[in-house]
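Side chains included, hydrogens not; waters and symmetry mates left out as well; all remaining heavy atoms used.
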Amino acid sequence: MKNLINRIRGVERDVIEKPGDAGDAPFYKAQGDEIEIFQAAYSKRLPVMLKGPTGCGKTRFLEHVAHTLGQPLVTVSCHEDLTSSDLVGRFLLEGEETVWQDGPLTRSVKEGAICYLDEIVEARTDTTVVIHPLTDHRRQLPLDKKSQIIDAHEDFMLVISYNPGYQTVLKDLKPSTKQRFVGIHFDYPAEDVEREIVAKESGGLDAGRVEKLVAAGRKARALKDHGLEEATSTRALAYAGELMQAGLSPRVACRAAMIAPITDDPELIQALEEIFDAHFPESEAA
């Protein structure tokens, strides 16, 4: 009840928080041996790289395994303006004094959290350089501005993710960086697994609609090679299911969750609408 009240009030939480305090582990349906690989890597504190398309479950996977291991998880969403100082920390003025404030990576290193750099390739190049000493035998974080080197807590683990489909020769991780990590590849789940995920995430959408929704979404993914920049993700399918549970018709829910966010091209919109309309006939549109 206390956690519910805090969420309603918008109470802030510390960046380092034990997952055991947050209730049950986030739902995740394994697709292969990814959980076993991660647990083995964690037992040796090896850095891990999660590779796969947007919305296929990388972040949910990490939330699940971190909770299962009983380890706090610190997530940093990387972007083009993210600098090493944003991760490591900086000096700030406080009154008439200058004080040092640790960044999320430094906090994680000191306190033994799993630090997750989501879509790391989006960050500036100086960001990837600063993590190198954490990904080999040294397990150290240099704080150049303080002329210090921090030895990582024995429970600290570094995890990064990126979408290989988005990378170009101008924006990609260097091979010298990639080979520092244990790689786990993710893709959209098998159809039966995806149905189970959508049913769970949508809050109990009936089996008939789940089957049609997943079938339509998988067919829509074929347009990825015909002009569509982003494939229909499992997350988008779950969103559509939630909208149906909220009272929207299947066609309206599909347009809102799986067409409008990913394209403005009239021809692609029409092609996607034809796919979803074929799976949800007019009788279900009202």
Worksheet item: Side chains of R218 and E191: does their closest heavy-atom pair fall under 4.5 Å?
Response: yes
Practice prompt. Not counting sequence neighbours, which residues clear side-chain contact (heavy atoms from CB on, under 4.5 Å) with T106? List them please.
Written response: V88, D102, K110, L141, L143, I150
Worksheet item: How long is the gap from CG on L69 to CG on L62, to the nearest 0.5 Å?
Response: 9.5 Å
Response to the item:
When rounded to the nearest 0.5 Å, the distance separating CD of E63 from CD1 of I114 is 11.5 Å
Discussion item. Within the 4.5 Å heavy-atom criterion, are P133 and P142 side-chain neighbours or not?
Written reply: yes
Worksheet item: Closest heavy-atom contact between G112 and Q71?
Response: O-NE2, 3.2 Å
Worksheet entry | Same cluster (ILVMFWY, side-chain, under 4.5 Å), V193 and F61 | no
Discussion item. If you count heavy atoms of other groups shown closer than 6.0 angstrom to CD of E242, is the number above 12?
Written reply: yes
Worksheet entry | Taking every non-hydrogen atom, the tightest pair across E122 and C78 | CB-O, 3.8 Å
Practice prompt. Apply side-chain contact (heavy atoms from CB on, under 4.5 Å) to L82 and V76, showing your working.
Written response: CA-CA 10 Å; L82 185 76; V76 179; 4.2 Å; yes
Item to complete: Taking atom CD of E97 as the centre, report whether more than 12 heavy atoms of other residues, nucleotides or ligands fall under 6.0 Å from it.
Response: no
Discussion item. Students often mix this up, so state it plainly: with edges at 30° and 60°, are the rings of Y28 and H64 parallel, tilted or perpendicular?
Written reply: tilted
Item to complete: Heavy atoms only: give me the nearest F156-C115 pair and the separation to one decimal.
Response: CE1-CB, 3.9 Å
Worksheet item: For Y188, is the NZ or CZ atom of R221 found under 6.0 angstrom from the centre of its six-membered ring and inside 45 degrees of the ring axis?
Response: yes
Discussion item. Taking the side chain as everything from C-beta on, heavy atoms only, tell me whether R235 gets closer than 4.5 Å to I197.
Written reply: no
Practice prompt. In sequence, state the C-alpha distance, the side-chain angles, and the governing distance for T59 and Y116, and then conclude on side-chain hydrogen bond (donor to acceptor under 3.5 Å, both in side chains).
Written response: CA-CA 9 Å; T59 299; Y116 177 41; 3.3 Å; yes
Worksheet item: Do I160 and P47 have side-chain heavy atoms sitting under 4.5 Å apart?
Response: no
Discussion item. For a 4.5 angstrom cut-off between non-hydrogen side-chain atoms, does F38 reach V182?
Written reply: no
Practice prompt. Taking all heavy atoms of H279 and all of P281, pick out the closest pair and write down the distance.
Written response: O-CD, 3.5 Å
Worksheet item: Can you tell me if R180 uses its side chain to pair, donor with acceptor, with the backbone of H132 under 3.5 Å?
Response: yes
Fill in: salt bridge (Lys or Arg N to Asp or Glu O under 4.0 Å) assessment of E201 paired with K29
CA-CA 11 Å; E201 293 296 318; K29 182 69 175 180; over 6 Å; no
Item to complete: List the steps and the verdict of side-chain hydrogen bond (donor to acceptor under 3.5 Å, both in side chains) for D118 and S77.
Response: CA-CA 5 Å; D118 187 18; S77 297; 4.5 Å; no
Discussion item. So, taking the atom named CD in E194 and the one named CD in Q31, what distance separates them when rounded to the nearest 0.5 Å?
Written reply: 9.0 Å
Worksheet entry | Heavy-atom side-chain proximity of V252 to F280 below 4.5 angstrom | no
Worksheet item: Considering only heavy atoms from C-beta outward, does the side chain of L117 approach that of L87 to under 4.5 Å?
Response: yes
Worksheet item: Can you tell which of I259, D265, D277 makes a side chain to side chain contact (heavy atoms under 4.5 Å, CB included) with L272?
Response: I259
Discussion item. I need the T135 OG1 to K178 NZ distance, nearest 0.5 Å.
Written reply: 14.5 Å
Worksheet entry | R139 and E154: CA distance, side-chain angles, deciding distance, salt bridge (Lys or Arg N to Asp or Glu O under 4.0 Å) verdict | CA-CA 9 Å; R139 283 176 57 83; E154 61 179 7; over 6 Å; no
Worksheet entry | With A257 via side-chain contact (heavy atoms from CB on, under 4.5 Å) - residues at least two apart | Y239, A240, L243
Worksheet item: Looking at CD of E80 and CZ of R124, how far apart are the two atoms once the value is rounded to the nearest 0.5 Å?
Response: 10.5 Å
Fill in: side-chain contact (heavy atoms from CB on, under 4.5 Å) assessment of L105 paired with I131
CA-CA 9 Å; L105 178 59; I131 68 174; 4.2 Å; yes
Practice prompt. Look at atom NZ of K174 and say whether more than 12 heavy atoms of other residues, nucleotides or ligands are closer to it than 6.0 Å.
Written response: no
Discussion item. Salt bridge or not between K200 and E196? Use side-chain N to carboxylate O under 4.0 Å.
Written reply: no
Discussion item. Please evaluate residues R138 and D151 with respect to the criterion salt bridge (Lys or Arg N to Asp or Glu O under 4.0 Å), reporting the C-alpha separation (whole Å), side-chain torsions for both, the decisive distance (0.1 Å), and the verdict.
Written reply: CA-CA 8 Å; R138 292 171 290 177; D151 293 322; over 6 Å; no
Fill in: Euclidean distance, C56 SG relative to H185 NE2, rounded to 0.5 Å
8.0 Å
Worksheet item: Is it true that R255 and E273 have a side-chain N and a carboxylate O under 4.0 angstrom from each other?
Response: yes
Practice prompt. Could you check V74 against R107 for side-chain contact (heavy atoms from CB on, under 4.5 Å), going step by step and ending with a plain yes or no?
Written response: CA-CA 9 Å; V74 176; R107 289 285 307 277; over 6 Å; no
Discussion item. Does R45 form a side-chain contact (heavy atoms from CB on, under 4.5 Å) with D155? I'd like the steps, not just the answer.
Written reply: CA-CA 7 Å; R45 304 303 189 267; D155 291 334; 2.9 Å; yes
Discussion item. Under 6.0 Å from the ring centre and within 45 degrees of the ring axis: does the NZ or CZ of K58 meet both conditions for the six-membered ring of F186?
Written reply: no
Worksheet item: Do the side chain of T263 and the main chain of I269 share a donor and acceptor less than 3.5 angstrom apart?
Response: no
Worksheet item: Can you name the nearest heavy-atom pair linking L237 to G217, along with the distance?
Response: CD2-CA, 3.8 Å
Worksheet item: Between the main-chain N or O of L173 and the side-chain N or O of T177, is there a donor-acceptor pair closer than 3.5 Å?
Response: no
Worksheet item: Given Q245 and S202, is the side-chain hydrogen bond (donor to acceptor under 3.5 Å, both in side chains) satisfied, shown in steps?
Response: CA-CA 7 Å; Q245 285 289 81; S202 63; 5.6 Å; no
Worksheet entry | hydrophobic_cluster_shared for W100 and V130, side chain cutoff 4.5 Å | yes
Worksheet item: What are the two closest non-hydrogen atoms of L134 and A152, and how far apart are they?
Response: CD2-CB, 4.4 Å
Discussion item. Could you tell me if the side chain of M49 sits less than 4.5 Å from the side chain of I184, heavy atoms only?
Written reply: no
